There are 2 protein chains.
Amino acid sequence: MPKLGMEPIRKAALVKATIVEIGRTGSLDVTVSQIAKRAGMSSALAHHYFGGKEAMFLAAMRHVLSLYGAEVRGALLSAEGPEARLVAILRASFSPTNFRREVVGAWLNFYVLAQTVPEARRLLAIYQRRLRSNLLICLRPLVGREADALADGLGAMIDGVYLREVLKAGPPDGAAAVSMLLAYLDAELKGNRQ
Amino acid sequence: MPKLGMEPIRKAALVKATIVEIGRTGSLDVTVSQIAKRAGMSSALAHHYFGGKEAMFLAAMRHVLSLYGAEVRGALLSAEGPEARLVAILRASFSPTNFRREVVGAWLNFYVLAQTVPEARRLLAIYQRRLRSNLLICLRPLVGREADALADGLGAMIDGVYLREVLKAGPPDGAAAVSMLLAYLDAELKGNRQ
DNA sequence: AAGTTTATTGACTCGTCAATCAACAAAAAA
DNA sequence: TTTTTTGTTGATTGACGAGTCAATAAACTT
C-alpha cells in the first residue's frame with residue numbers, strides 16, 4: 001500500500017480536517033484521533049507528520065490566514081483607485097471562502113489559542129498588521145490623518161462581525177456584512193469630504 | 001471550623017476565582033482544582049456547591065453579564081437625552097470594571113463556550129439583545145430608520161474592540177475605545193442630520 | 001539481493017482530571 | 001443529649017487522551 005510522496009497529501013488532509021473539527025465542535029477541545037479519523041488515517045500517523053497537536057493547530061491557522069491573504073491579494077489585483085480597493089478588501093474578508101461557519105469558528109478559537117501559544121499570537125498579529133496596512137494605503141488619500149483611526153475602526157468592526165457570526169443561526173450573510181462595513185465607511189468619507 | 005451560612009460566600013469566591021482563572025490562562029482549560037485553590041478551598045467543595053464544572057462556568061458568565069448590566073443601568077440613570085445616553089452606554093461598556101484583561105479574556109471564552117453549551121449561548125444572546133435594544137432606543141429619535149443598522153454596527157464594533165484587546169500588550173485603554181466608537185457615531189449622525 | 005528510506009498502524013504508557021465517597025467536625029434542632 | 005443539618009477534605013475511581021514504540025510492508029537505492 002505505501003505509496004511514496006504521501007507527506008504533503010497527508011499534511012494537507014490533516015490541516016483541512018483540523019479546521020473542520022475545530023469549527024464543528026466550536027472549541028480547541030478536539031482530539032488528535034478525531035482529526036486523524038476525519039482525515040482518514042490513524043492518530044499515530046498524524047503525530048508522525050506533525051509531531052504534536054499544537055503544530056497541527058498552527059498549521060491550520062497558517063492555512064486559514066494564507067487563504068485569506070491570497071483572497072485579498074487577488075481581489076486587489078482587479079481594483080483601481082482607493083475606494084474600489086477598499087471595497088475589494090471588504091468583499092474578500094466576507095467572501096464565501098472565508099466567511100463560513102467552520103472557518104469563523106476556527107478564527108474564534110485561534111484568538112483563544114493566541115492567548116496561550118506565542119506563535120499563534122504572532123500569526124494573528126501579522127494578519128492584523130497586514131489588514132491595517134492595506135486599509136491605510138487606501139484611506140490616506142481619502143481622509144488624510146484620520147486614516148489611522150478609521151483603519152482601526154474598520155478592523156475592529158470586521159473582527160466583531162466575525163465574532164457575532166458564531167452566535168447567529170443559519171448560513172452567514174457576507175453581503176449584509178459588507179454593506180454594514182460600507183455604511184460605516186461612507187459615513188466617515190462623507191464627513192471628511194467637505 | 002465549620003461556620004454556617006458559608007454557601008453564598010463560597011459560591012461568590014468560586015465565581016470570582018473562575019473568572020480570574022479563565023482570564024489568566026486565556027482558555028476554558030482550567031481545572032476545578034485550580035479554581036478551588038484560588039478560591040481557598042478543596043476541589044471537592046467546589047463540586048459540592050456547584051455540582052460540576054459547567055455550572056461554575058455558567059455562574060461566572062452570569063456574574064460578568066450582570067455586572068455589565070448593572071454598570072449600564074447605573075450609567076443611564078444620570079444621562080439625559082439620546083446622545084448622552086449613548087455615550088453613557090459606551091462608557092459603561094469600556095469602564096475599568098469591565099474592560100480589564102481577565103474579564104476580556106473571560107468574555108472571549110464565553111463566546112467559545114456558547115458554541116457548545118446552549119445555556120451559555122442563551123446568556124450571550126440576551127446580552128446582545130439588551131445592548132441592541134438600549135442602543136435602538138437612543139438611536140431612533142436621532143436617525144430614524146437607520147437606527148437598526150447603526151445599532152448592529154455599534155454592537156459589532158464593541159465586540160470587535162473587546163476581541164482585539166486580547167492581543168494587545170499593556171493595560172486596556174477604555175478611553176481610546178470609547179472615542180473610536182464615538183467617532184463612528186458622530187460620522188453617522190452628521191450624515192443623517194442634514 | 002541486501003539495505004535503506006518512507007508509510008502506516010495497533011497496542012501501550014503515562015499523566016491528568018472530573019466526579020464520587022467515606023469520614024470527620026461543628027452548629028442547630030429535637 | 002441525641003439527631004440532623006451544614007461544612008469540609010483526602011483519597012479514590014474511572015475515563016480519556018497525547019505521545020511513543022515496535023512491527024509490518026512497500027517502494028527506492030546500491
Side-chain angles (χ1 to χ4, degrees), chain A residues 1-22 24-61 109-110 112-113 115-120, chain B residues 1-22 24-61 109-110 112-113 115-120:
Chain A
M1 268 183 208
K3 296 144 196 169
L4 287 224
M6 282 282 96
E7 177 156 356
I9 297 168
R10 293 301 201 186
K11 278 193 167 179
L14 283 168
V15 161
K16 210 171 172 183
T18 303
I19 296 164
V20 171
E21 283 300 296
I22 292 181
R24 202 179 58 79
T25 70
S27 88
L28 297 174
D29 253 319
V30 201
T31 70
V32 174
S33 303
Q34 269 171 50
I35 297 172
K37 188 172 187 181
R38 176 165 301 263
M41 71 196 80
S42 72
S43 74
L45 196 54
H47 275 102
H48 173 64
Y49 281 126
F50 275 104
K53 197 189 196 174
E54 192 176 299
M56 290 168 70
F57 283 172
L58 291 174
M61 255 186 95
N109 281 283
F110 291 159
V112 172
L113 197 64
Q115 302 235 286
T116 336
V117 182
E119 175 68 6
Chain B
M1 269 180 209
K3 295 145 197 171
L4 287 224
M6 281 284 97
E7 178 156 355
I9 297 168
R10 293 301 201 185
K11 278 192 166 179
L14 282 168
V15 161
K16 209 170 173 182
T18 304
I19 296 165
V20 171
E21 283 301 296
I22 291 180
R24 203 181 57 80
T25 71
S27 88
L28 297 173
D29 255 319
V30 203
T31 70
V32 174
S33 302
Q34 268 171 50
I35 298 172
K37 187 171 189 183
R38 178 166 298 264
M41 71 196 81
S42 73
S43 73
L45 196 55
H47 275 102
H48 174 64
Y49 281 126
F50 274 105
K53 198 190 194 173
E54 192 176 299
M56 290 168 69
F57 283 172
L58 290 174
M61 253 186 97
N109 282 283
F110 291 159
V112 172
L113 197 64
Q115 303 235 286
T116 334
V117 182
E119 176 67 6

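In this text the structure is predicted, and so the values were computed from the model without any measurement. Residue numbering restarts at 1 for every chain, and letters A, B, ... go by the order of the sequence lines. Just so it is clear, the values below take in all heavy atoms, side chains as well, and ignore hydrogens, waters and symmetry mates.
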Which nucleotide sits closest to the side chain of [X]: [options]?
X       : options               : value
B/Tyr49 : C/dA7, D/dT8, C/dA19  : D/dT8
A/Met6  : C/dT8, C/dA18, D/dG7  : C/dT8
A/His48 : C/dA18, C/dT8, D/dT20 : C/dT8
B/Leu4  : C/dT8, C/dA18, C/dA28 : C/dA28
A/Met41 : C/dT9, D/dG7, C/dA18  : C/dT9

Check whether any side-chain heavy atom of [X] lies under 4.5 Å from a side-chain heavy atom of [Y], and answer yes or no.
X        : Y        : answer
B/Asn109 : A/Val112 : yes
B/His48  : B/Arg10  : no
A/Glu119 : A/Glu54  : no

Measure [atom1]/[X] against [atom2]/[N] and give the value in whole Å, please.
X       : N      : atom1 : atom2 : answer
B/Lys53 : C/dA18 : NZ    : C1'   : 8 Å
A/Lys37 : D/dG17 : NZ    : P     : 12 Å
A/Glu21 : D/dG17 : CD    : C1'   : 15 Å
A/His47 : C/dT13 : NE2   : P     : 17 Å
A/Ile9  : C/dT8  : CD1   : C1'   : 14 Å
A/Met56 : D/dA18 : CE    : P     : 9 Å
A/Glu7  : C/dT8  : CD    : C1'   : 14 Å
A/Leu14 : C/dA7  : CG    : C1'   : 13 Å

**OP:** Test A/Met56 against every option in A/Ile22, A/Ile35, A/Val30 by the side chain to side chain contact (heavy atoms under 4.5 Å, CB included) rule and name the one that passes.
**Re:**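 Exactly one option meets the side chain to side chain contact (heavy atoms under 4.5 Å, CB included) with A/Met56, and it is A/Ile35.
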
Original post:
Closest nucleotide of DNA chain D for B/Pro8 versus for B/Ala44: which of these residues is on the 5' side?
Top reply: B/Pro8

Pick base, sugar-phosphate or nothing for [X], based on heavy-atom distances below 4.0 Å to the nucleic acid.
X       : result
A/Thr31 : sugar-phosphate
B/Gly5  : sugar-phosphate
A/Phe50 : nothing

Subject >> C/dT8 phosphate, OP1 or OP2, under 4.0 Å from A/Arg10 side-chain N/O >> reply: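 Yes, such a contact exists.
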
Original post:
Nearest heavy-atom pair of B/Ala60 and B/Phe110: which atoms, and what distance?
Top reply: C-CZ, 4.0 Å

